[in-house]
**Student:** 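Can you keep this structure in mind? I'll have questions shortly.
Counting convention: from 1, in listed order, for ligands and their atoms alike.
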Amino acid sequence: MSALPRTADIVIIGAGAIGSSTAYHLGRRGVRDVVVLERETIGSGSTSKAAGGIRVQFSTRVEIEFSLRGMAFWKRFEDEMGVPCDFRQEGYLFVITREEDLARYRKNVALQQGMGCDVRIIAPDDARAIVPGLIVDDVLAAVWGPMDGYASPNDVVQAYAARARDRGVRFFEETPVTGIELDGRRVRAVTTPAGTIQTRLVVNAAGPQAPLVGKMVGLDLPVDPRRRHIFVTDTFDEVKHPMPLVTDTGSGFYCRSEQGAILMSPGDIGAHTEYEASVDWSALEPTVEKAMKRLPVLEHAQVRHAWAGVRPLTPDGRGILDRAPGIEGLYLAIGFCGHGFQHSPVAGEMVAGELTTGCASLDLTDLRLGRFA
Ligand SMILES: Cc1cc2nc3c(=O)[nH]c(=O)nc-3n(C[C@H](O)[C@H](O)[C@H](O)COP(=O)(O)OP(=O)(O)OC[C@H]3O[C@@H](n4cnc5c(N)ncnc54)[C@H](O)[C@@H]3O)c2cc1C
């Protein structure tokens, strides 16, 4: 590996989906002197743990814009990036059992439809026609999004990094940032065990660890780490494949086809926040309980393997794209919760736009840090 440079125009902390996409978009804009510092390996953080889910179903205009622009990107991914990313539009089905959820979904669906998304509220029996065997006795309605689907997070993040490198961006793995030096309230350098890089512009894209990077300059950032589990079964042919991503909104359980097997998650279990990303096998029991309640045939599926990862959660479930308050030269691209993979193409585009031209091409008001003030 080449030695760390002594200076850089822009240093990005973190080579997950958000940091690597930002690097790619800066490279596309002709910004050459960009360095990405990654404490482990490219994509090894939350990004490699994501289920790859991609949906247009969001509750704010800006997030739906991110999804729609993202959809166009996933469709042209191979042409633009030179490698495939296994994008599949197999749909998202949200199953709704509570009146208050239905009211919220109706409002969101109206917004999504108004912006051109193919999203429909359907009757319980229609949901069961899409997913045979689905229990709908207690279901009020479902929301069907046939545009939605998934792609491979690892293929995507590696492609961002490869195409960024083609444009001169340098990535340094196993290089943790241990400090950010300031001149007064202005960024002067970042420090690592391998040396110091003088720079005037730093992007905090450290995912769940973003608050730890914030603390380096005395910032308290509203991002909490929360572990989530995924379980994958053996090949299972007792469901109709491809099965869309089915979310039981009452329990948080979700599942979908994964190459002839079933990928499933219990959703959030336990309340405390943590950086721990190892598998806690006691999470399997509530997963199976939730699965049986909604799709009993899953009782016959054998869980083959599991993984867990940490999601960077914010209090309102939306990401943060903003300049750090009171610290000149520090940009925050953090807190993308459970949708940072799918919104990474546009998040990176927005950050690169703001850093190079001073403004983004979308109205980012709803993603600014000031909303928590
Ligand atoms: C189980 C699970 C399922 C998910 N499913 C989906 C899904 O279906 N769809 C979806 O869109 N999203 C999903 N997500 C969320 C998604 O994974 C995250 O929102 C996204 O990966 C965040 O990307 P990031 O680049 O911000 O963070 P990360 O991928 O965590 O990248 C941050 C990087 O910063 C590095 N870093 C941290 N501190 C430092 C430091 N001091 N110096 C240098 N480097 C540092 C880390 O090592 C890491 O590689 C899921 C997450 C989990 C855990």
**Student:** Report the residue from H229, R311, R227 that forms a side chain to side chain donor-acceptor pair (under 3.5 Å) with D268.
**Tutor:**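 Among the candidates, only R311 passes.
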
**Student:** Is there at least one pair of N or O atoms, one from P312 and one from ligand 1, spaced under 3.5 Å apart?
**Tutor:**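 Between P312 and ligand 1 (N or O atoms, distance only) the closest approach is not under 3.5 Å.
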
**Student:** If you have a sec, work out which protein heavy atom is nearest atom 41 (N) of ligand 1 and how many Å separate them, to one decimal?
**Tutor:**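 Ranked first by proximity to atom 41 (N) of ligand 1 is V177 O, 3.1 Å.
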
**Student:** Please state which protein non-hydrogen atom is closest to atom 27 (O) of ligand 1 and give its distance, to 0.1 Å?
**Tutor:**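 Closest protein heavy atom to atom 27 (O) of ligand 1: G207 CA, 3.3 Å.
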
**Student:** For atom 2 (C) of ligand 1, which candidate among H339, K49, R39, R227 provides the closest heavy atom?
**Tutor:**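 Result: the heavy atom closest to atom 2 (C) of ligand 1 is in K49.
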
**Student:** For A51, is at least one N or O under 3.5 Å away from an N or O on ligand 1?
**Tutor:**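 N/O-N/O distance under 3.5 Å: yes.
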
**Student:** Select one of side chain, backbone, both or neither to describe which atoms of Q209 lie under 4.0 Å from any atom of ligand 1, heavy atoms only.
**Tutor:**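 Answer for Q209: side chain.
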
**Student:** Using a strict 4.0 Å cut-off to heavy atoms of P208, name the atoms of ligand 1 that fall inside it.
**Tutor:**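 With P208 as reference, the close atoms of ligand 1 come out as 30 (O).
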
**Student:** Hey, which atoms in ligand 1 end up nearer than 4.0 Å to a heavy atom of G52?
**Tutor:**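 Going through ligand 1 atom by atom, the ones under 4.0 Å from G52 are 7 (C), 8 (O).
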
**Student:** For a 4.5 angstrom cut-off between non-hydrogen side-chain atoms, does Y92 reach V56?
**Tutor:**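 Result no, sub-4.5 Å side-chain heavy-atom pair not found.
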
**Student:** For atom 46 (C) of ligand 1, tell me which residue out of E40, H229, E38 has the closest non-hydrogen atom.
**Tutor:**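 Checking each option, the heavy atom nearest atom 46 (C) of ligand 1 is found in E38.
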
**Student:** May I ask you to say whether D183 pairs ionically with R186, meaning some side-chain N is under 4.0 Å from a carboxylate O?
**Tutor:**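 No.
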
**Student:** Check whether any side-chain heavy atom of V177 sits under 4.5 Å from a side-chain heavy atom of T191, and report yes or no.
**Tutor:**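 When only atoms from C-beta onward are counted, T191 and V177 do not touch, as no gap falls below 4.5 Å.
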
**Student:** Just to confirm my output: which protein heavy-atom neighbour is closest to atom 31 (O) of ligand 1, and how far is it?
**Tutor:**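 Minimum-distance protein heavy atom for atom 31 (O) of ligand 1 reads G16 CA, 3.3 Å.
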
**Student:** Rounded to the nearest 0.5 Å, what separates atom CZ in R170 from atom CG in L4?
**Tutor:**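 Here the interatomic distance stands at 8.5 Å.
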
**Student:** Could you list the atoms of ligand 1 found under 4.0 angstrom from a heavy atom of R228?
**Tutor:**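 The atoms of ligand 1 under 4.0 Å from a heavy atom of R228 are 1 (C).
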
**Student:** Heavy atom to atom 15 (C) of ligand 1, shortest distance: which of C337, A50, S46, G309 holds it?
**Tutor:**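 Closest candidate by heavy-atom distance is C337.
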
**Student:** For residues 206-223, pull every pair meeting side-chain hydrogen bond (donor to acceptor under 3.5 Å, both in side chains), keeping only residues two or more places apart or in separate chains.
**Tutor:**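 The answer is none; no pair qualifies.
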
**Student:** Can you list the ligand 1 atoms lying under 4.0 Å from a non-hydrogen atom of F336?
**Tutor:**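 Per the distance check, 19 (O).
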
**Student:** Is it true that E258 and R256 have a side-chain N and a carboxylate O under 4.0 angstrom from each other?
**Tutor:**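 Between R256 and E258 there is a salt bridge, with a charged N closer than 4.0 Å to a carboxylate O.
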
**Student:** What atoms in ligand 1 come closer than 4.0 Å to a heavy atom of I18?
**Tutor:**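 Checking each atom against I18, I get 23 (O), 24 (P), 25 (O), 26 (O).
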
**Student:** When you measure from atom 34 (O) of ligand 1 to every protein heavy atom, which one gives the shortest distance, and what is it?
**Tutor:**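 Going by distance alone, atom 34 (O) of ligand 1 is nearest to G14 CA, 3.2 Å.
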
**Student:** Should the proximity of V310 to ligand 1, defined as any heavy atom under 4.0 Å, be assigned to the side chain, the backbone, both, or neither?
**Tutor:**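 It is the backbone that touches ligand 1; the side chain stays farther off.
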
**Student:** Between T47 and ligand 1, find which residue part has any heavy-atom pair under 4.0 Å and reply side chain, backbone, both or neither.
**Tutor:**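 Both backbone and side chain.
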
**Student:** Starting from the C-alpha separation in whole Å, work towards a yes-or-no answer on side-chain contact (heavy atoms from CB on, under 4.5 Å) for V131 and V95.
**Tutor:** CA-CA 11 Å; V131 180; V95 172; over 6 Å; no

**Student:** CD1/I130 to CH2/W144 distance, rounded to the nearest 0.5 angstrom?
**Tutor:**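 Nearest 0.5 Å value for the CD1-CH2 distance: 4.5 Å.
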
**Student:** Please say whether I13 places an N or O atom under 3.5 Å from an N or O atom belonging to ligand 1.
**Tutor:**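 No; the residue has no nitrogen or oxygen that sits under 3.5 Å from a nitrogen or oxygen of the ligand.
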
**Student:** Looking only at distance, does G338 have an N or O less than 3.5 Å from an N or O of ligand 1?
**Tutor:**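 The answer is yes, given that G338 and ligand 1 share an N or O pair closer than 3.5 Å.
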
**Student:** If we only count N/O pairs under 3.5 Å, is I230 in contact with ligand 1?
**Tutor:**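 It does not: no N or O of I230 is found under 3.5 Å from an N or O of ligand 1.
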
**Student:** If Ile, Leu, Val, Met, Phe, Trp and Tyr residues are connected whenever their side-chain heavy atoms lie under 4.5 Å apart, and connections chain through other members, are L68 and L111 in the same group?
**Tutor:**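 Yes: a chain of side-chain contacts under 4.5 Å links L68 to L111.
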
**Student:** May I ask you to decide whether D118 forms a salt bridge with R120, counting only side-chain N to carboxylate O separations under 4.0 Å?
**Tutor:**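 Between R120 and D118 there is a salt bridge, with a charged N closer than 4.0 Å to a carboxylate O.
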
**Student:** Starting from atom 11 (O) of ligand 1, find the nearest protein heavy-atom neighbour and note its residue, name and distance.
**Tutor:**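 Checked against all protein heavy atoms, atom 11 (O) of ligand 1 sits closest to Q342 N, 2.9 Å.
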
**Student:** Within a distance under 4.0 Å of any heavy atom of P176, pick out the atoms of ligand 1 and give their elements.
**Tutor:**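 Those of ligand 1 that fall under 4.0 Å from P176 are 42 (N), 43 (C).
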
**Student:** Are any of the N/O atoms on G53, whether in the backbone or the side chain, positioned under 3.5 angstrom from an N/O atom of ligand 1?
**Tutor:**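 Yes, at least one N or O pair falls under 3.5 Å.
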
**Student:** I want to confirm something. Looking only at heavy atoms, which of G335, G45, A205 is nearest to atom 32 (C) of ligand 1?
**Tutor:**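 Nearest option to atom 32 (C) of ligand 1, by heavy atoms: A205.
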
**Student:** Counting only nitrogen or oxygen atoms and a 3.5 angstrom limit, does W307 reach ligand 1?
**Tutor:**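 In this structure, W307 places no N or O atom under 3.5 Å from an N or O of ligand 1.
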
**Student:** Under 6.0 Å from the ring centre and within 45 degrees of the ring axis: does the NZ or CZ of R69 meet both conditions for the six-membered ring of F66?
**Tutor:**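 Verdict for F66: no cation-pi partner in R69.
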
**Student:** If you have a sec, work out which protein heavy atom is nearest atom 52 (C) of ligand 1 and how many Å separate them, to one decimal?
**Tutor:**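 Result for atom 52 (C) of ligand 1: R311 CG, 3.5 Å.
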
**Student:** Are R188 and E181 within salt-bridge range, i.e. N to O under 4.0 Å?
**Tutor:**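 A salt bridge links R188 with E181.
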
**Student:** Main chain of R163, side chain of R167: is a donor-acceptor contact present, judged purely on distance under 3.5 Å?
**Tutor:**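 A pair under 3.5 Å: yes.
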
**Student:** Strictly by salt bridge (Lys or Arg N to Asp or Glu O under 4.0 Å), give each pair with a member in residues 11-29 just once, sequence neighbours left out.
**Tutor:**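 Matches after skipping sequence neighbours: R28-E80.
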
